[in-house]
Number of protein chains: 2
Amino acid sequence: MEETKVDLEKAAQTLKLLGDKTRLTILGLVKNHECCVCEFVEVLQMSQPSISQHLRKLRDAGLVKEQRKGQWIFYSLNTSHDTYPIIQQVLEQIPNQKEKLKALEEAGLRIQCDR
Amino acid sequence: MEETKVDLEKAAQTLKLLGDKTRLTILGLVKNHECCVCEFVEVLQMSQPSISQHLRKLRDAGLVKEQRKGQWIFYSLNTSHDTYPIIQQVLEQIPNQKEKLKALEEAGLRIQCDR
DNA sequence: TGCATATATAAGTATATGCTTATATTATGA
DNA sequence: TCATAATATAAGCATATACTTATATATGCA
């Protein structure tokens, strides 16, 4: 009668990664569509190495997948991760980050990498 | 048409606190009923100061409420916290911690403070 | 009043975290 | 094949975190 639960230790590990404004925003962005590193840099206004390091943590934990497309590397949410149900629920409770990308585009600010 | 969302910064702050095995277990315990410090010590098998310090973080952030009852101080979930929706969702995804308390009792292991 | 119990706080310490700057890697295109 | 763009990695550093041990505070009871 119980739905499947996420192991508490794994849950804590994932929540620790979600417990950072930068990473939470990144996940909010890839919730909708895959993004390349330069987009995160642009939206979050942070240095490229800093973004890369956050992405590495998320990837090492398996929360996001990466896929190279030529010059760019695109990140997307790994929906088959054990703790995905938690991530999904959390992301539903925070404001949609898609707006941030849209706002950028509408302001005519070109995203560094030409997509 | 949007449900109320939790501010991303506040969400991250709460998730950081949830991102620790000890604190996540504590919240899982107080989800059902209020608990006193000695119960956490017993269930988690950690030192009393360590537990107290975790509880202080949770209380400072407003995630739990404390209520003194004579010699004991009982902690309970603060269901009116801004980020409560997140906590609630997360706790639904992890195994019920109530079992741990039950197991203790059934094993005949007395909880330190007499309730 | 004085001792025991429950809890909090303080100080110290080892490790983790998140940035920075500098440099390496990989792919594109002239 | 060389320059440039996109990204990753490394090293260094300041700050945060989660314990430990020692001590303080508050309540209950003889």
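Values below: all heavy atoms of this structure, side chains included; hydrogens, waters and symmetry mates excluded. Within every chain, numbering begins at 1; the chains are lettered A, B, ... in the order of the sequence lines, protein sequences first and strands thereafter.
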Q: Compare every heavy atom of A:Gly62 with every heavy atom of A:Asn78, then report the nearest pair and how far apart it is.
A: ND2-O, 2.8 Å
Could you tell me how far apart [X] ([atom1]) and [N] ([atom2]) are, to the nearest whole angstrom?
{"X": "B:Ile73", "N": "C:dT5", "atom1": "CD1", "atom2": "P", "value": "17 Å"}
{"X": "A:Ile26", "N": "D:dT7", "atom1": "CD1", "atom2": "C1'", "value": "14 Å"}
{"X": "B:Leu44", "N": "D:dA18", "atom1": "CG", "atom2": "P", "value": "14 Å"}
{"X": "A:Glu39", "N": "D:dA6", "atom1": "CD", "atom2": "P", "value": "12 Å"}
{"X": "A:Asp60", "N": "C:dG18", "atom1": "CG", "atom2": "P", "value": "13 Å"}
{"X": "A:Gln71", "N": "D:dA6", "atom1": "CD", "atom2": "P", "value": "6 Å"}

Close approaches to DNA chain C from [range], in residue order (heavy atom, under 4.0 Å):
{"range": "residues 46-57 of chain B", "result": "B:Gln48, B:Pro49, B:Ser52, B:Gln53, B:Arg56"}
{"range": "residues 13-23 of chain B", "result": "none"}
{"range": "residues 62-70 of chain B", "result": "B:Glu66"}

For residues 23-31 of chain A, which side-chain donor-acceptor pairs fall under 3.5 Å, sequence neighbours excluded?
from: A:Arg23; atom 1: NE; to: A:Leu17; atom 2: O; distance (Å): 2.8
from: A:Arg23; atom 1: NH1; to: A:His54; atom 2: ND1; distance (Å): 3.2
from: A:Thr25; atom 1: OG1; to: A:Lys21; atom 2: O; distance (Å): 2.7

Q. So which pairs with a foot in residues 50-59 of chain B pass salt bridge (Lys or Arg N to Asp or Glu O under 4.0 Å), sequence neighbours left out?
A. B:Arg59-B:Glu66
Q. Got a sec, which pairs hit salt bridge (Lys or Arg N to Asp or Glu O under 4.0 Å) with one end in residues 75-86 of chain A, sequence neighbours left out?
A. A:Lys10-A:Asp82
Q.
Whether A:Tyr75 contacts D:dA6 is assessed here as follows: a side-chain N or O lying under 4.0 Å from the phosphate OP1 or OP2. Is that the case?
A. no
**Q.** Residues that A:Asn32 engages under side chain to side chain contact (heavy atoms under 4.5 Å, CB included), provided they are two or more places apart
**A.** A:Asn96, A:Lys98
(Q) The criterion is side chain to side chain contact (heavy atoms under 4.5 Å, CB included); which residues satisfy it with B:Ser47, sequence neighbours excluded? (A) B:Pro49, B:Ser50
Which residues pass the side chain to side chain donor-acceptor pair (under 3.5 Å) test with [X], sequence neighbours left out?
{"X": "B:Thr14", "value": "B:Thr83"}
{"X": "B:Lys100", "value": "B:Gln97"}
{"X": "A:Asp7", "value": "none"}
{"X": "B:Gln67", "value": "none"}

